[in-house]
Amino acid sequence: MMLADYRNEIMNHSESVHSPKTTSNYRTTFKYLLRPFGNIPLSALTKSGVEDYIEKRIRRTSVYARRKDLAYLSAFFKFVIDRK
C-alpha cells in the first residue's frame with residue numbers, strides 16, 4: 001500500500017475520533033512527510049530514511065513542531081502496524 005493511502009486512512013480515522021486541531025496537526029505532519037518521500041510504497045520506507053527525515057525536521061523546526069511531528073509519526077506507524 002502507498003504512503004498517501006495510509007495518510008488518507010489515518011486522516012479519516014482522526015476526523016472521526018479526534019478534535020479538529022489534532023486532525024489538522026496530522027495533516028501538517030503528513031504534508032511535510034510526503035515532500036521528501038513522495039507517494040512511495042510503505043515497504044520502501046526505511047528506518048534510515050525516516051531517521052534522516054526526522055533529523056532534518058529537528059534542525060529546521062521549533063521544539064513544539066519537533067515533538068508534535070514525533071508524536072504523530074509514532075502514532076502513524078503504530079496505526080500502520082495495527083492494520084497489517
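Residues: numbered from 1 along the sequence shown.
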task = Kindly write out the residues that satisfy side chain to side chain donor-acceptor pair (under 3.5 Å) with Thr22, not counting sequence neighbours, or none if the list is empty.
result = Ser19
inquiry  = Quick one: does any side-chain atom of Ser16 pair with a main-chain N or O of His13 as donor and acceptor, under 3.5 Å?
reply    = yes
message = For a quick test of reading the model, state the closest non-hydrogen atom pair linking Lys68 to Thr28 and the distance between them.
response = NZ-CG2, 3.9 Å
inquiry  = Assess the residue pair Leu45 and Phe77 against the criterion (side chain to side chain contact (heavy atoms under 4.5 Å, CB included)); give the C-alpha distance rounded to whole Å, side-chain angles, the decisive distance to 0.1 Å, and a yes or no.
reply    = CA-CA 11 Å; Leu45 277 177; Phe77 287 113; 4.0 Å; yes
key: Backbone of Asn8 reached by a side-chain donor or acceptor of Asn12 within 3.5 Å   = yes
message = With clusters defined by side-chain heavy atoms of hydrophobic residues (ILVMFWY) lying less than 4.5 Å apart, directly or transitively, does Leu34 cluster with Val80?
response = yes
ask   = Looking at Leu73, Ile10, Leu70, which one forms a side chain to side chain contact (heavy atoms under 4.5 Å, CB included) with Thr29?
value = Leu73
request  = Could you tell me which non-hydrogen atom of Met2 sits nearest to which non-hydrogen atom of Asn39, and how far apart they are?
outcome  = CE-O, 2.8 Å
task = Sequence neighbours left out, what pairs pass salt bridge (Lys or Arg N to Asp or Glu O under 4.0 Å) with at least one residue falling in residues 10-37?
result = Glu15-Arg27
remark   = Shortest non-hydrogen pair, Asn25 vs Tyr64, comes out as ND2-OH, 4.0 Å
key: For the student: nearest non-hydrogen atoms of Thr46 and Gly49, plus distance   = OG1-N, 2.9 Å
request  = Might you point out which heavy atoms bring Thr61 and Arg66 nearest each other, and give the distance in Å?
outcome  = O-NH2, 3.0 Å
request  = For Lys78, check salt bridge (Lys or Arg N to Asp or Glu O under 4.0 Å) against everything at least two apart and list the hits.
outcome  = Asp82
query = Checking ring pair (Phe, Tyr, Trp, His ring centres under 6.0 Å) for the pair Phe76/Tyr26: CA distance, chi angles, key distance, verdict?
reply = CA-CA 9 Å; Phe76 167 69; Tyr26 270 111; 8.6 Å; no
inquiry  = With no hydrogens and no angle check, just 3.5 Å: does a side-chain donor-acceptor pair link Tyr32 and Asp69?
reply    = no
